[in-house]
2 protein chains.
Amino acid sequence: MEKFKVEINEIAEFTKALSHPARIEILKVLAEKQMCICGEIVEVLPLSQSTVSQHLKELKNIGLIQGEIEGKKSCYCINWERFQELHDKYDDFFQNLLIQKSNFNTCC
Amino acid sequence: MEKFKVEINEIAEFTKALSHPARIEILKVLAEKQMCICGEIVEVLPLSQSTVSQHLKELKNIGLIQGEIEGKKSCYCINWERFQELHDKYDDFFQNLLIQKSNFNTCC
DNA sequence: CATTATTATCGTATTTTTACGATGTTAAAT
DNA sequence: ATTTAACATCGTAAAAATACGATAATAATG
């Protein structure tokens, strides 16, 4: 994956983490409930427990969420700091694109 | 793909379109040059012509770029209206998430 | 008209993603 | 000490994404 610049790769990793509806839904649920255990997420999603666990792992890998084992349950929540960091990088990039939008750009 | 709500699916489709570094790079190049022919994009990317063509097609499918055949060349540019539309949807969604970030949220 | 240049599409191989059931692990409950 | 509940991980099947060479299509060029 060294074909592209680091900045580009970082954004792509972020958008990739968000590229599945289940993972977006998970973030939404976690934001609403502040935190919840795995089971609550599984209840809401139309996917099996193991599949949800996999999606949780992916979000965890990129750091968007945190998970901590509490007894026999597993408590998840959003890592807001990381969330902001990634969102900001994405946003910077796309704001820069928008700046370059010219007015007389009828294009093609 | 009817498992999730339309709003969630739309965002996922957008992020999916941006989930590959090549496609992000293409958008960057197109923003910088306002418009360019396929060959110019191929020159810049570390991928074969056919692969780049495929990525262009995906961006075109979701409407982020437009392509028009001009003689034997093919002129591409960003569809800024669509770009804004998708970006706004994404942004709305994540701003809503951020609103729900509570201060006393030490989580887990 | 034949050739060349530009790009899209086809066929296909490889890799990655997605999904699920089965199993393993650990802590709580009985 | 068993049993149960909650969850992660494993194994694996199926689908999708990625990449490329070869070919097709079309317009410009000679």
Side-chain angles (χ1 to χ4, degrees), chain A residues 1-4 8-9 11-27 29-30 33 35-62 64-77 107-108, chain B residues 1-4 8-9 11-27 29-30 33 35-62 64-77 107-108:
Chain A
M1 252 288 212
E2 302 307 316
K3 285 186 173 182
F4 297 89
I8 303 278
N9 278 331
I11 295 170
E13 277 168 37
F14 176 55
T15 48
K16 191 173 181 180
L18 302 178
S19 71
H20 194 290
R23 294 194 287 272
I24 295 183
E25 184 74 41
I26 288 172
L27 289 178
V29 173
L30 283 178
K33 302 203 179 182
M35 70 175 69
C36 49
I37 62 168
C38 178
E40 294 180 278
I41 301 172
V42 172
E43 270 177 20
V44 175
L45 297 198
L47 296 169
S48 75
Q49 178 262 319
S50 58
T51 303
V52 171
S53 236
Q54 235 174 255
H55 284 301
L56 286 168
K57 196 176 178 184
E58 283 181 66
L59 289 172
K60 208 172 163 184
N61 282 341
I62 199 177
L64 276 171
I65 67 173
Q66 289 174 297
E68 206 164 289
I69 297 168
E70 283 193 358
K72 66 183 174 185
K73 301 183 179 181
S74 200
C75 173
Y76 283 100
C77 64
C107 171
C108 304
Chain B
M1 255 291 209
E2 302 307 316
K3 286 186 174 183
F4 297 89
I8 303 278
N9 277 331
I11 295 169
E13 278 168 35
F14 177 55
T15 48
K16 191 173 181 179
L18 301 179
S19 70
H20 194 291
R23 293 194 287 272
I24 296 184
E25 183 74 40
I26 287 171
L27 290 179
V29 173
L30 283 178
K33 302 202 180 182
M35 71 176 66
C36 48
I37 61 167
C38 178
E40 293 179 279
I41 301 172
V42 172
E43 270 177 18
V44 174
L45 297 197
L47 297 168
S48 76
Q49 178 263 319
S50 58
T51 302
V52 172
S53 235
Q54 237 175 252
H55 285 302
L56 286 168
K57 196 177 178 182
E58 284 180 66
L59 289 172
K60 208 172 163 184
N61 282 341
I62 200 178
L64 277 171
I65 67 173
Q66 290 174 296
E68 208 164 289
I69 297 167
E70 284 193 357
K72 67 182 172 187
K73 301 183 179 181
S74 201
C75 174
Y76 283 99
C77 64
C107 170
C108 304

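Since this is a predicted model, take the numbers as computed values, not measurements. These numbers come from the heavy atoms of this one structure, side chains and all, not from hydrogens, waters or symmetry mates. By convention in this document, chain letters (A, B, ...) are assigned in the order of the sequence lines, proteins followed by strands, and residues within each chain are numbered from 1.
As a whole-Å value, the separation of B:E25 CD from D:dT18 P is 16 Å. Between the C1' atom of D:dA8 and the CG atom of A:L59 lies a distance of 16 Å, rounded to the nearest Å. Rounding to whole angstrom units, CZ of residue B:F4 and P of C:dT18 are separated by 11 Å. Separating the NE2 atom of A:H55 from the P atom of D:dA8 is a distance of 14 Å, rounded to the nearest angstrom. What separates CD of A:E70 from C1' of C:dT26 is a distance of 15 Å, to the nearest Å. Atom CG in A:L47 sits about 16 Å away from atom C1' in D:dC7, given to the nearest Å. We find that CG of B:L45 is positioned 10 Å from P of D:dA19, with the value rounded to whole Å. We find that NE2 of A:H20 is positioned 11 Å from C1' of D:dA15, with the value rounded to whole Å.
By the side chain to side chain contact (heavy atoms under 4.5 Å, CB included) test, A:Q49 is found to be paired with A:V42, A:S53, residues two or more places apart in sequence or in another chain being considered. Residues passing the side-chain hydrogen bond (donor to acceptor under 3.5 Å, both in side chains) test with A:S50 are A:S48, sequence neighbours excluded. With sequence neighbours left out, B:K60 forms a side chain to side chain contact (heavy atoms under 4.5 Å, CB included) with B:I65, B:Y76. Applying the salt bridge (Lys or Arg N to Asp or Glu O under 4.0 Å) rule to A:E40 yields the partners A:K33; only residues at least two apart in sequence or on another chain are considered. Every residue two or more places apart in sequence or in another chain that forms a side-chain hydrogen bond (donor to acceptor under 3.5 Å, both in side chains) with A:H55 is listed here: A:R23.
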*Report, as a single string ordered 5' to 3', how protein heavy atoms within less than 4.0 Å touch nucleotides 1-13 of chain C: B base, S sugar-phosphate only, - not at all.*
----BBBBB----
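Applying the salt bridge (Lys or Arg N to Asp or Glu O under 4.0 Å) rule to pairs touching residues 42-57 of chain A yields nothing, sequence neighbours excluded.
Looking at every heavy atom in both residues, A:P21 comes nearest to B:I8 through O-CG2, 3.5 Å.
In this structure, the separation between OG1 on B:T15 and NZ on A:K16 is 12.5 Å, given to the nearest 0.5 Å. The OG atom of A:S74 sits 8.0 Å away from atom CG of A:L56, with the distance rounded to the nearest 0.5 Å.
Dashed line: the shortest gap from a side-chain N or O of B:K16 to OP1 or OP2 of D:dA17 is under 4.0 Å.
For the helix from C:dC1-D:dG30 to C:dT30-D:dA1, the terminal axes (five pairs an end, C1' atoms, rotation from four pairs onto the next four) enclose an angle of 10°, given to 10 degrees.
In terms of position on DNA chain C, the residue among A:G71 and A:A22 whose nearest nucleotide sits closer to the 5' end is A:A22.
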